[in-house]
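Since the structure comes first, as structure tokens, the remarks are kept for the end.
Position 1 is the first residue of the sequence, and the numbers go up from there. Remember, predicted model here, so these are calculated numbers, not experimental data.
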Amino acid sequence: MTASLAEPSITDRQLFVGRACVVGAAVFWSLNGLFAKAPIFDVWPGDDRGTILAFWRAAFAGLWLLPLVRRPRWSWKLLPMVAAFAAMNVSFLQSMSLTTAANAGWLQAMAPLWVFVFAVWVWREPFDRRSLLPLMFGLAGVGTILVRELMHSSAGDGSLLGASLGVASGVFFALVVVSMRGLRDENSAWLLALSLLATAAILGPYCLGKYGMPSGQQLGILAAFGLVQMALPYLLLARGLRVLGSQEVAAIGLVEPVLVPIWVYLAWGEVPAVTTFFGGALILAGLWLRYRRGPLPA
């Protein structure tokens with residue numbers, strides 16, 4: 001396996017570690033439904049639940065990362081990353097509040113398409129031909145979810161809005177990935193802590209002013225939410241982006257939506273639609289074609 005899409009000096013071992021880090025990040029990300037769908041948060045209204053969760057998750061994750069910050073440096077290049085990070089948090093968790101956890105994760109899986117667009121045409125990153133297969137298979141699965149949401153939504157139903165926010169979260173996630181790739185020489189903890197605490201600062205006045213402090217038990221779960229589902233996976237992502245192109249990182253990240261419905265079903269009994277299983281099979285097939293041994297299919 002070569003490193004032609006990273007840098008010439010990247011070794012096979014470094015590529016393996018980088019890919020393992022991104023897989024680990026995807027596994028941690030896939031646990032979002034275990035927290036976001038926890039019955040203890042049902043006391044918050046559905047329309048605002050995603051925003052409240054985004055605030056507390058970002059606040060705790062930023063605090064977890066602060067001790068790791070080294071050599072913070074400000075640059076205007078940080079602004080797009082910070083803005084995209086905040087928008088991604090709110091849109092994804094709000095989507096999960098309005099539709100199923102499985103659908104929210106799958107709709108965010110459109111991110112590889114946007115990563116491809118931003119990386120190749122905006123940031124001039126070399127085109128990764130091997131990542132085209134998982135991209136095509138992933139988009140086929142996402143298209144299935146979108147069609148189902150359009151067919152089953154009604155005027156008073158929030159599922160269509162939830163689906164739209166899920167797609168938007170994928171766009172913002174792509175901007176985060178590409179921005180972090182461009183800033184890979186900066187201290188990872190600094191980039192993440194800044195993005196997370198900025199998100200918390202934007203959302204804090206509304207959430208605290210309207211809903212006040214959560215209960216002690218809620219705070220404990222929210223602290224774990226920030227650590228397990230945000231701080232740790234984004235540190236792993238930043239590590240992977242040092243040696244992998246953003247297109248490959250986004251393709252590997254497709255592991256996440258395959259795992260999300262499994263955890264949510266096991267924990268809370270939320271049964272995914274049949275289309276979710278079909279889409280999962282497409283994503284896994286695309287990833288298998290990407291990493292199987294032998295030449296790329298013609």
Side-chain angles (χ1 to χ4, degrees), residues 29-38 41-42 44-58 61 80-115 117-118 138-139 141-179 195-196 198-200 202-203 206-207 210-211 225 229-230 233-234 250 253-254 256-258 260-261 264 268 270 272-273 275-276 279 283:
W29 282 327
S30 72
L31 299 174
N32 54 51
L34 293 182
F35 295 96
K37 290 290 186 177
F41 299 128
D42 287 346
W44 294 329
D47 290 346
D48 275 345
R49 192 176 306 147
T51 303
I52 300 168
L53 288 170
F55 163 64
W56 287 106
R57 182 177 70 169
M81 180 191 67
V82 171
F85 208 97
M88 175 195 69
N89 271 274
V90 176
S91 58
F92 179 72
L93 285 174
Q94 199 64 29
S95 171
M96 188 170 288
S97 296
L98 294 172
T99 184
T100 66
N103 284 351
W106 276 70
L107 292 167
Q108 195 187 46
M110 286 188 72
L113 171 64
W114 309 119
V115 167
V117 172
F118 297 140
L139 290 179
V142 170
T144 303
I145 295 296
L146 279 173
V147 170
R148 181 185 181 279
E149 287 299 319
L150 288 171
M151 291 176 61
H152 288 76
S153 62
S154 60
D157 187 4
S159 60
L160 183 56
L161 175 59
S164 301
L165 289 171
V167 173
S169 70
V171 177
F172 294 128
F173 176 71
L175 285 170
V176 169
V177 170
V178 176
S179 297
S195 299
L196 289 161
T199 300
I202 293 169
L203 301 178
Y206 175 78
C207 294
K210 188 171 182 179
Y211 296 101
F225 194 13
Q229 212 272 319
M230 187 59 65
Y234 273 97
L254 289 169
E256 177 197 357
V258 176
V260 168
V264 174
W268 313 122
E270 181 178 278
T275 49
T276 298
I283 282 184

Roughly how far, to the nearest 0.5 Å, is [atom2] of [Y] from [atom1] of [X]?
{"X": "L175", "Y": "M88", "atom1": "CG", "atom2": "CE", "answer": "10.5 Å"}
{"X": "L34", "Y": "F225", "atom1": "CG", "atom2": "CZ", "answer": "9.5 Å"}
{"X": "K210", "Y": "D48", "atom1": "NZ", "atom2": "CG", "answer": "4.5 Å"}

Closest non-hydrogen atom pair, L165 against S91: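 Closest heavy-atom pair between L165 and S91: CB-O, 3.6 Å.
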What is the minimum heavy-atom distance between Q229 and L31, and which atoms define it?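 That closest heavy-atom pairing would be CG-C, 4.1 Å.
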Knowing that exactly one of L53, V90, I52 qualifies, which makes a side-chain contact (heavy atoms from CB on, under 4.5 Å) with L203? V90
Under the side chain to side chain contact (heavy atoms under 4.5 Å, CB included) criterion, do Y211 and F55 qualify, and how do the steps go? CA-CA 12 Å; Y211 296 101; F55 163 64; over 6 Å; no
For the backbone of A86 and the side chain of N89, can you confirm whether one donor and one acceptor N or O come within less than 3.5 Å of each other? no
Is the distance between the ring centroids of W56 and F35 under 6.0 Å? no
Ring centres of Y234 and F85 under 6.0 Å apart? yes
What's the verdict on side chain to side chain contact (heavy atoms under 4.5 Å, CB included) for D42 and R49, showing C-alpha distance, side-chain angles and the deciding distance? CA-CA 8 Å; D42 287 346; R49 192 176 306 147; 4.0 Å; yes
